[in-house]
Participant: 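Starting off with a structure, shown below.
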Amino acid sequence: MTYYQPEPAYTHGSQSKVGILLANLGTPEAPTAKALRPYLQQFLMDRRVVEIPRFIWCWILHCIILVIRPKKSAEKYASVWTEQGSPLMVYAQQQKKLLQGYLSQKINSPFAVELGMTYGNPSMKSAIESLKAQGCDRILVFPLYPQYAASSTAAALDAVWRVLLKMRNVPAIRTIKHYHDHPLYIQALASHIKAYWQQHGQPEKLVMSFHGVPKFHLLKGDPYHCECHKTARLLAEALGLSKQHYQVAFQSRFGRQEWLQPYLANTLDALGKQQLKRIDVVCPGFSSDCLETLEEIAMEGKHLFQSVGGGDYHYIPALNTEAVWIEAMRDIALEQLHGWVSNEFDSVNAEAEAQASKERALAFGAEK
């Protein structure tokens, strides 16, 4: 029994392609406890996500969390589930399709785009195997996390490396680490928020909320905290906001240890008690709306703010499939694809060269 996975069938004269792998977190396949249990187990067993000694964490996970949490999480997923499925999956699939089209306007050389999830399906394995089956011998990994964190970006890259470890013919790999301060990303965010304000008016304060991580990640060298604050500063400048008109917070705290502060819940409580007439909350770390943004931020956050005296509460949707964001994705990808793709690709000449290569191979004894 071989250690390596079988390679796709190869035919001499086939034209190679470039692959773009969009990487995101993942989602359960249904809003049910049955579907949540394996998804949560895969997610929470990742050492990048939970850095607790295994013998302690395995007991907590299997004896407490996976007994209690799937039902509660399923109820939350059900509150945001759509007819097409999980919001994150719906938007991610649309982003994949749109990026394919936007890239085809800029490059003529062969390429393919696939979506891979760190947890759940479509898996990184299925995405990479699909790209290889389409003839991709070079792959750009594009994590859909603007700010780098070991628990998100690095976890996605780990999933990619685990697939490559079992491949005999490993494709060339390029990765995008982050784009938290990329002008195109900041411009996309600012344009999106300005368009929302043109339609709904402007708040007294904009809260920029990022997914939280334990504080010790920062103390051990994870740049996530700094990158979130840089994104917030650049976005505030692009929107023309003074320091008094925006605030950074961190959401989704889990467990008893200290996480990055200020916590969003505490921030909303304080702003509500100030009886602000309106606040808007935006989550610049999310390329797609998902359970966290649609339920925790849009629903729970609104209830918390208004229950202590706050006024209007607006959640500004993620970039999702906004044209300005797909254009930014395309151009960020093109920067990394330099030398791999071309707008001057001549399909007729390429086909002739491929045919000549095949004839030479057959002359030397190749079977096909």
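It should be emphasised that the depicted structure is a prediction, and the values quoted were computed from it without experimental measurement.
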Participant: Just wondering, more than 12 heavy atoms not from His200 lying within 6.0 Å of its NE2?
Facilitator: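 Enclosed.
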
Participant: For Phe286, does the CZ atom have more than 12 heavy-atom neighbours from other residues, nucleotides or ligands under 6.0 Å away?
Facilitator: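 Atom CZ in Phe286 is packed in, count exceeds 12.
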
Participant: Looking at CD of Gln100 and CG of Leu98, how far apart are the two atoms once the value is rounded to the nearest 0.5 Å?
Facilitator: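 Gln100 CD to Leu98 CG: 10.5 Å, rounded to 0.5 Å.
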
Participant: Return the NE2 to CZ distance between His225 and Phe250, rounded to the nearest 0.5 Å.
Facilitator: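 Separation between the atoms: 4.5 Å.
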
Participant: Assess whether a salt bridge exists between Glu237 and Arg233, defined as any Lys/Arg side-chain N lying under 4.0 Å from an Asp/Glu carboxylate O.
Facilitator: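 So Glu237 pairs with Arg233 through a salt bridge.
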
Participant: If we count only N and O atoms by modelled type, under 3.5 Å, do the side chains of Glu114 and Ser130 hold a donor and an acceptor together?
Facilitator: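 Their side chains do contain a donor-acceptor pair, which is all the 3.5 Å distance test asks for.
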
Participant: Please verify the inter-ring angle class for Tyr313 with Phe305; under 30° counts as parallel, over 60° as perpendicular, anything in between as tilted.
Facilitator: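 Tyr313 vs Phe305 ring planes: tilted.
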
Participant: How long is the span from the CG atom in Leu131 to the CD1 atom in Ile20, to the nearest 0.5 Å?
Facilitator: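 Reported value, rounded in 0.5 Å steps: 8.0 Å.
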
Participant: Report, as yes or no, whether the 6.0 Å neighbourhood of atom NZ on Lys205 holds more than 12 heavy atoms from other residues, nucleotides or ligands.
Facilitator: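 Buried by this count: over 12 neighbours within 6.0 Å.
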
Participant: Can you tell me if NZ on Lys96 sees more than 12 non-hydrogen neighbours from other groups inside 6.0 Å?
Facilitator: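 For Lys96, atom NZ is crowded (more than 12 foreign heavy atoms under 6.0 Å).
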
Participant: If you look at every heavy atom in Gly201 and Arg278, which pair is closest and at what distance?
Facilitator: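 Between these two residues, the closest heavy atoms are O-NH2, 2.9 Å.
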
Participant: Decide if atom CD of Gln261 counts as having more than 12 heavy atoms of other residues, nucleotides or ligands within a radius under 6.0 Å.
Facilitator: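 For Gln261, atom CD is crowded (more than 12 foreign heavy atoms under 6.0 Å).
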
Participant: Could you list the residues that satisfy side chain to side chain donor-acceptor pair (under 3.5 Å) with His245, not counting sequence neighbours?
Facilitator: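 In terms of side chain to side chain donor-acceptor pair (under 3.5 Å), with neighbours along the sequence ignored, His245 is linked to Ser242.
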
Participant: To the closest 0.5 Å, what do you measure between CG (Leu260) and NE2 (His229)?
Facilitator: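 Here the interatomic distance stands at 8.0 Å.
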
Participant: From the options Glu292, Glu296, Gln251, select the one residue that forms a side-chain hydrogen bond (donor to acceptor under 3.5 Å, both in side chains) with His211.
Facilitator: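 It is Glu292, the one option of Glu292, Glu296, Gln251 that forms the side-chain hydrogen bond (donor to acceptor under 3.5 Å, both in side chains) with His211.
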
Participant: Of the non-hydrogen atoms in Glu7 and Arg168, which two are nearest, and what is the gap between them?
Facilitator: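 In this case the closest contact between Glu7 and Arg168 is OE2-N, 3.4 Å.
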
Participant: Which pair of heavy atoms, one from Ala155 and one from Asp46, lies closest together, and at what distance?
Facilitator: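 That would be CB-OD2, 3.7 Å.
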
Participant: Are the charged groups of Lys220 and Asp222 less than 4.0 angstrom apart, N to O?
Facilitator: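 Here Lys220 does not pair with Asp222 in a salt bridge, since their nearest N and O are not under 4.0 Å apart.
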
Participant: Rounded to the nearest 0.5 Å, how far apart are OG of Ser152 and CG of Asn24?
Facilitator: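 If I round to the nearest 0.5 Å, the distance is 10.0 Å.
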
Participant: Give the minimum heavy-atom separation between Leu294 and Tyr315, together with the two atoms involved.
Facilitator: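 Heavy-atom minimum between the residues: CD2-CE2, 4.5 Å.
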
Participant: Should we count CD of Gln257 as having more than 12 external heavy atoms under 6.0 Å?
Facilitator: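 Yes.
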
Participant: Check the surroundings of atom NZ in Lys34: do more than 12 heavy atoms from other residues, nucleotides or ligands lie under 6.0 Å from it?
Facilitator: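 No, NZ of Lys34 has 12 or fewer neighbouring heavy atoms, counting only those of other groups under 6.0 Å.
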
Participant: Just grab all the ring-ring contact (aromatic ring centres under 6.0 Å, His included) pairs involving residues 103-160, residues at least two apart or on different chains.
Facilitator: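 Non-adjacent pairs meeting ring-ring contact (aromatic ring centres under 6.0 Å, His included): Phe43-Tyr119, Phe142-Tyr179.
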
Participant: So which atom in Ala127 and which in Leu21 form the shortest heavy-atom distance, rounded to 0.1 Å?
Facilitator: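 Closest heavy-atom pair between Ala127 and Leu21: CB-CD1, 3.5 Å.
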
Participant: First locate atom CG of Leu268, then atom CD1 of Ile279, and finally report the distance between them rounded to the nearest 0.5 Å.
Facilitator: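 Atom-to-atom, Leu268:CG and Ile279:CD1 are 5.0 Å apart.
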
Participant: Quick check: does any side chain N or O of Thr293 sit under 3.5 Å from a backbone N or O of Asp289, one acting as donor and the other as acceptor?
Facilitator: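 Flag not set: sc Thr293 to bb Asp289 has no pair under 3.5 Å.
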
Participant: Without swapping roles, check the side chain of Gln306 against the backbone of Gly311 for a donor-acceptor pair under 3.5 Å.
Facilitator: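 Side chain of Gln306 to backbone of Gly311: a pair is present.
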
Participant: Measure the acute angle between the ring planes of Trp57 and Phe254, then classify it against the limits of 30° and 60° as parallel, tilted or perpendicular.
Facilitator: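 Trp57 vs Phe254 ring planes: perpendicular.
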
Participant: Any carboxylate oxygen within less than 4.0 angstrom of a Lys/Arg side-chain nitrogen, looking at Lys215 and Glu258?
Facilitator: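 Counted as a salt bridge, because a side-chain N and a carboxylate O are separated by less than 4.0 Å.
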
